[in-house]
Structure formats: structure tokens, C-alpha cells
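Protein chains get the first letters and strands the later ones, always in sequence-line order, with residue 1 at the start of each.
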Number of protein chains: 2
Amino acid sequence: MVAQRGRRNGAAAHKRTRPPGTPDADNAPTAELPAVSATAAYPEARAKSIPEAAVARLAVYLRILSAMAEQGATTVSSEELSAAAGVNSAKLRKDLSYIGSYGTRGVGYEVAVLVGQIERTLGLTRQHKVAVAGIGNLGHALANYGGFPGRGFPVEALFDIDPDLVGVPVGGIPVSHLDDIPQVCAERQISIGVLATPPAAAQTVCDRLVAGGVQCILNFAPVVLQVPEHVEVRKVDLAVELQILSFHVARRADNELNGKVVDPAVAGNGAVVPS
Amino acid sequence: MVAQRGRRNGAAAHKRTRPPGTPDADNAPTAELPAVSATAAYPEARAKSIPEAAVARLAVYLRILSAMAEQGATTVSSEELSAAAGVNSAKLRKDLSYIGSYGTRGVGYEVAVLVGQIERTLGLTRQHKVAVAGIGNLGHALANYGGFPGRGFPVEALFDIDPDLVGVPVGGIPVSHLDDIPQVCAERQISIGVLATPPAAAQTVCDRLVAGGVQCILNFAPVVLQVPEHVEVRKVDLAVELQILSFHVARRADNELNGKVVDPAVAGNGAVVPS
DNA sequence: TCTTGTGAACGGTTTCACAGCA
DNA sequence: TGCTGTGAAACCGTTCACAAGA
């Protein structure tokens with residue numbers, strides 16, 4: 001869950017930071033018309049960049065809005081939507097304001113309009129073909145989703161090094177060999193690579209995905225990947241997640257030990273029983 | 001990957017925010033001796049809280065340090081370690097400073113010492129028993145890790161609603177029924193629940209996990225969970241990750257369209273071929 | 001001389017509070 | 001009247017730059 005940039009150098013950037021010299025900014029949500037008026041070739045772009053944190057939340061809003069639409073809702077207030085998303089309403093409104101002004105004062109937002117605008121902003125009007133590399137437990141599970149969450153992310157290639165697996169279809173797609181990553185990815189126009197290999201293989205496989213022209217990598221391997229600047233990496237790290245939870249358990253236990261009552265009610269397993 | 005707090009109310013808190021009235025702070029890394037001198041029952045805790053972002057990175061440093069130790073390294077400088085972790089060295093040093101001063105100026109850090117201190121800080125000296133609920137594709141994969149990443153997180157219970165699955169051992173542990181979550185979790189002293197059910201079941205299953213006394217939940221279901229305040233939730237959301245990547249692809253495509261050369265070299269699939 | 005540890009500046013994100021509009 | 005949209009303030013995390021110390 002962390003974006004990286006920069007390649008093999010000590011001053012490597014982290015998260016949404018850019019390497020020192022990069023211009024940054026200049027990404028326009030094209031906040032006005034759906035039609036692409038993006039012909040003006042002027043270096044000064046119009047709109048401000050959307051904060052990464054807001055982008056993540058927009059995806060969450062989108063899911064909730066889609067569910068609401070399915071249940072027949074046509075309008076929603078910032079209060080309702082923010083409650084459903086678990087954020088406060090000011091934050092929600094600010095997030096929505098980054099993509100334009102699509103609400104009606106005194107009334108709320110039209111669900112359908114928001115859905116459309118968020119989809120456009122997130123680039124979901126276009127399909128993003130996905131390849132999964134490493135068909136072990138996790139890769140298998142990912143491949144079997146067969147057409148990732150919520151459409152728009154069809155899995156179109158699978159890779160593994162195991163000869164027993166190569167050629168076998170998983171979730172409808174035959175597994176190709178890791179060696180063929182560059183060719184296959186280029187042929188099938190893969191834009192997102194999902195890395196689910198053991199850590200030792202991760203960097204090599206990553207390099208091949210990059211050679212195959214993928215623009216983004218979703219990395220499940222517990223490894224810090226080195227990629228060229230134009231490739232976006234996001235990391236999902238199970239061990240780190242568990243360790244963060246562990247930290248919170250420890251913190252809480254610590255506080256209780258120190259005589260602070262964190263919550264007068266229950267105190268979780270391994271601790272006191274409620275009187 | 002977002003922590004939540006607060007239960008069923010519009011003003012619900014998000015991320016590391018606390019509900020308005022909560023005291024906050026007061027978690028001490030016990031920065032001095034390994035021995036537990038935590039007998040003083042004074043309400044004023046000694047050390048400042050470690051930022052959540054830093055905690056996540058500490059877990060990453062720990063993995064790298066463990067690998068280095070295995071390869072026989074005994075000391076490491078902030079420069080080396082930060083390069084391996086993909087962060088800048090100032091950030092690394094600040095992160096380490098949150099847990100105490102274990103470096104030697106002009107020299108660096110002792111690998112073994114750092115490993116020990118980070119483990120202590122993250123609460124990894126204690127075992128955290130894990131239960132996985134929802135043994136579908138993903139749950140299966142998680143269960144088969146059998147003893148989660150890097151030891152310390154043994155999987156000790158599995159749950160599903162499918163009668164054909166109940167009783168069947170997966171990764172050595174027989175699957176129990178979702179209805180039995182509270183009893184089984186309490187009996188086996190589960191402290192971390194992993195939610196891998198379909199979204200519709202997630203909140204119910206979550207409630208049972210909480211009833212069973214789990215203190216933390218790692219949520220793979222695309223749902224905003226409502227939990228009591230003393231339960232920590234972290235979310236891993238595949239769809240959101242992909243959509244964030246999609247956003248970046250779209251942004252980049254947009255910029256290129258506007259005549260900005262993002263990277264003079266390659267431009268990813270679907271785009272220009274390098275001259 | 002070299003590297004840590006950290007105060008201070010900076011930049012990004014969240015929250016507040018209210019003006020603007022239906 | 002009610003809810004959106006947004007400047008401005010508050011907050012938090014990151015980066016800088018250098019003093020401290022082995």
C-alpha cells in the first residue's frame with residue numbers, strides 16, 4: 001500500500017514523492033466537459049493534482065454509490081455518503097470538489113452523476129488488462145477472480161515457472177512461462193502486472209513485466225521493487241499489515257498495564273474478563 | 001489499508017483519527033531497558049506515540065535487517081538500510097529515533113540490536129493467534145500459508161458457512177462453522193481475525209469475531225466495517241488498489257495527450273514505440 | 001572524519017466554519 | 001432553510017541541515 005518511484009539509488013523516493021528534478025503536478029481531471037477538449041498543447045495545465053489520499057477514497061465512494069444506485073437511490077447528501085464511507089462529511093465534500101462541482105446546494109448529489117464523474121476521474125472508462133505472475137496459492141486465488149473486482153480489470157495472462165503448470169488453464173486462461181512475460185504482455189497489451197511470486201523471484205519477474213510494457217505493478221511480494229520512473233508500483237504486504245496490528249495490540253496491552261483503562265468495557269482476549 | 005475506529009454514527013472517525021473525546025497519545029515504546037520496568041502505574045506515560053506511517057516502515061526495516069543478519073552483516077548505516085528500504089536516510093533515522101537511540105555516531109547501527117528493538121516495539125515477542133473467516137479462493141490461500149509470514153502469527157482457526165467445507169482440514173486445520181466463531185475464538189484465544197468472506201457476510205462475521213474477543217481485524221472484504229472502539233481494523237482492498245493504479249495510468253495518458261513528455265524513453269503499452 | 005539524532009522548515013491532508021446558492 | 005463548496009487554520013508527516021559525539 002505504498003507507491004514507489006525511482007530506481008536503484010540511495011536518494012530513492014518513497015510514496016508520492018518524486019525524485020528531486022521532476023516537474024510534478026500538471027494532471028488535469030478535465031473537470032469540465034466529458035468530451036476531450038484536451039487539444040491545447042500548453043505546458044501550463046489547468047487543474048490541480050488530486051491528492052493521492054483523496055484518490056483512494058474516491059474509489060471507496062464509487063463502490064458505495066454503485067451499491068446505492070443498484071438499490072434505486074437517485075440522490076445522496078454528503079452526510080449520508082460520508083457516513084457510509086466512514087469519513088466525515090467535510091472531507092467527503094472536499095474530495096468531491098477535486099473532481100468538480102456536481103452537487104446541488106440544499107439538496108445533495110445525483111448518484112448517477114457522481115458515479116460517472118468518479119469513474120471518469122479514475123480512468124475506469126477504459127479497460128486495463130491484467131497479468132498475474134506467480135500462480136501459487138495467492139496467484140491462483142487472484143486468477144480465479146477471473147475479471148477482477150467490479151469489471152474493467154480483465155485478467156488476460158498468467159505466468160509461472162513451474163513446467164507442470166505451464167499450459168494448464170486457471171480460471172479459463174492457460175498459464176504461460178515466466179520467460180515469455182515480455183512477449184506475451186506486449187502482444188496482449190497488458191497494462192497492469194500483479195506480482196505474486198516468492199520474494200526471491202520478484203525483482204526479476206518485475207523487470208520482465210516492465211520489459212513487456214506494463215505501466216503499473218501491484219506487488220504482493222515482500223520485497224522493495226526497483227522500477228523505472230514511468231512505472232507505478234503499489235504494494236500489498238500481508239506481513240506488514242499483521243505487524244501493524246501486532247503493534248496496536250502491544251500498545252494497548254502496555255497502556256492497560258500502566259493503569260490506563262482504554263475502554264471500560266471489554267478488553268480483548270488474553271486480558272481481563274468484564275466484571 | 002486504512003485503519004478505522006468508531007461505531008455506527010455519522011461522525012465516525014477514519015484512519016488514525018480518534019473520536020472527539022478520546023485522550024490519544026500515551027503509548028510508550030519503553031525506550032530504555034529490555035527488562036519490563038513497566039510497573040509504575042502513573043497515568044502520564046513517558047514516550048510520544050509513534051506515527052502509524054513510521055510503524056509500517058519499521059516492519060519493512062525489520063524484514064531487511066533480518067535478511068542482512070542472515071547474510072552475516074553485523075552493522076549497517078542509515079544510508080545502506082534506507083536505500084534497501086526505498087526511503088531517504090533522514091526519514092529512516094527519524095523512524096528509528098522513535099524507538100530510541102541505538103546507533104553509534106560515525107559508525108552506524110548494530111543489526112542485531114535493531115532487530116531486537118523493532119521486534120519489541122511491534123510486539124513481536126508475543127505470539128498472535130490468527131483465525132481466517134471465509135475459506136474461498138483467498139481464504140484458502142491465506143490458510144495455506146499455515147503460520148503466517150515470518151512466524152509469530154500462527155493460523156489456529158478457520159471458518160466457513162459451506163457445510164461441505166466444515167470439518168475438512170485446510171492447511172492442517174479443520175474448518176469450523178461461521179456460527180461457532182465466538183466460542184472457538186474465545187477458546188483458542190485468537191487475537192487477530194482475517195476476514196475473507198464475500199462482502200454481504202462481512203459485517204455479520206466481523207461482529208462474531210468481535211464477540212469472540214479478537215482485538216484486530218484484517219479485512220479483505222470490500223466493505224466499510226463498523227466495530228467497537230477497542231477493535232483495530234485494517235483493510236486490504238484489491239479493487240481500490242487497482243483503481244488507484246488506473247488513475248495514474250489515466251493521468252499519465254492525459255499528460256502525454258497534452259503534449260507533455262513525461263518520460264522521453266518508453267511510454268508503456270498502447271503508446272508510442274521508442275525510436 | 002564520519003554518521004547519528006533532532007530542531008526547524010516545509011508540504012500535504014484534515015478539519016473548521018461560513019459564504020454561496022437552490 | 002438546508003446543503004454544497006471552499007478559503008483558512010490546524011495538524012501531521014517528511015525533509016533539510018547541522019550540532020553532537022564516537
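In this structure, the NZ atom of B:Lys91 is 17 Å from the P atom of C:dT4, given to the nearest Å. To the nearest angstrom, P of C:dT13 lies 8 Å from CD of A:Glu52. Nucleotide C:dT13 holds its C1' atom 12 Å from the CG atom of A:Asn88, rounded to whole Å. Atom CG of A:Leu92 and atom C1' of C:dC16 are 16 Å apart (whole Å).
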Show the distances under 3.5 angstrom between N or O atoms of the protein and N or O atoms of nucleotides 4-11 of chain D.
{"unit_1": "D:dT4", "atom_1": "OP1", "unit_2": "A:Ser78", "atom_2": "N", "d": "2.7"}
{"unit_1": "D:dT4", "atom_1": "OP2", "unit_2": "A:Ser78", "atom_2": "OG", "d": "2.5"}
{"unit_1": "D:dT4", "atom_1": "O2", "unit_2": "A:Arg105", "atom_2": "NH1", "d": "3.1"}
{"unit_1": "D:dG5", "atom_1": "OP1", "unit_2": "A:Tyr102", "atom_2": "N", "d": "3.4"}
{"unit_1": "D:dG5", "atom_1": "OP1", "unit_2": "A:Gly103", "atom_2": "N", "d": "2.9"}
{"unit_1": "D:dG5", "atom_1": "OP2", "unit_2": "A:Tyr109", "atom_2": "OH", "d": "2.7"}
{"unit_1": "D:dG5", "atom_1": "O4'", "unit_2": "A:Arg105", "atom_2": "NH2", "d": "3.1"}
{"unit_1": "D:dG5", "atom_1": "N7", "unit_2": "A:Arg93", "atom_2": "NE", "d": "2.8"}
{"unit_1": "D:dG5", "atom_1": "O6", "unit_2": "A:Arg93", "atom_2": "NH2", "d": "3.0"}
{"unit_1": "D:dG7", "atom_1": "N7", "unit_2": "A:Lys94", "atom_2": "NZ", "d": "3.4"}
{"unit_1": "D:dG7", "atom_1": "O6", "unit_2": "A:Lys94", "atom_2": "NZ", "d": "3.3"}
{"unit_1": "D:dA8", "atom_1": "N6", "unit_2": "A:Lys94", "atom_2": "NZ", "d": "3.3"}

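B:Leu225 places a side-chain heavy atom less than 4.5 Å from the side chain of B:Leu195. Two residues are said to be in side-chain contact when any heavy atoms from C-beta on lie closer than 4.5 Å; B:Tyr109 and B:Leu81 fail this criterion.
Between B:Asp95 and B:Ala54 the shortest heavy-atom distance is OD1-CB, 3.4 Å. The minimum heavy-atom distance between A:Val214 and A:Val231, with the atom names listed, is O-CG2, 3.9 Å. Closest of all the heavy-atom pairs between B:Val55 and A:Phe247 is CG2-CE2, 3.6 Å.
With sequence neighbours excluded, the residues that form a side chain to side chain contact (heavy atoms under 4.5 Å, CB included) with B:Val113 are B:Tyr102, B:Glu110, B:Gln117.
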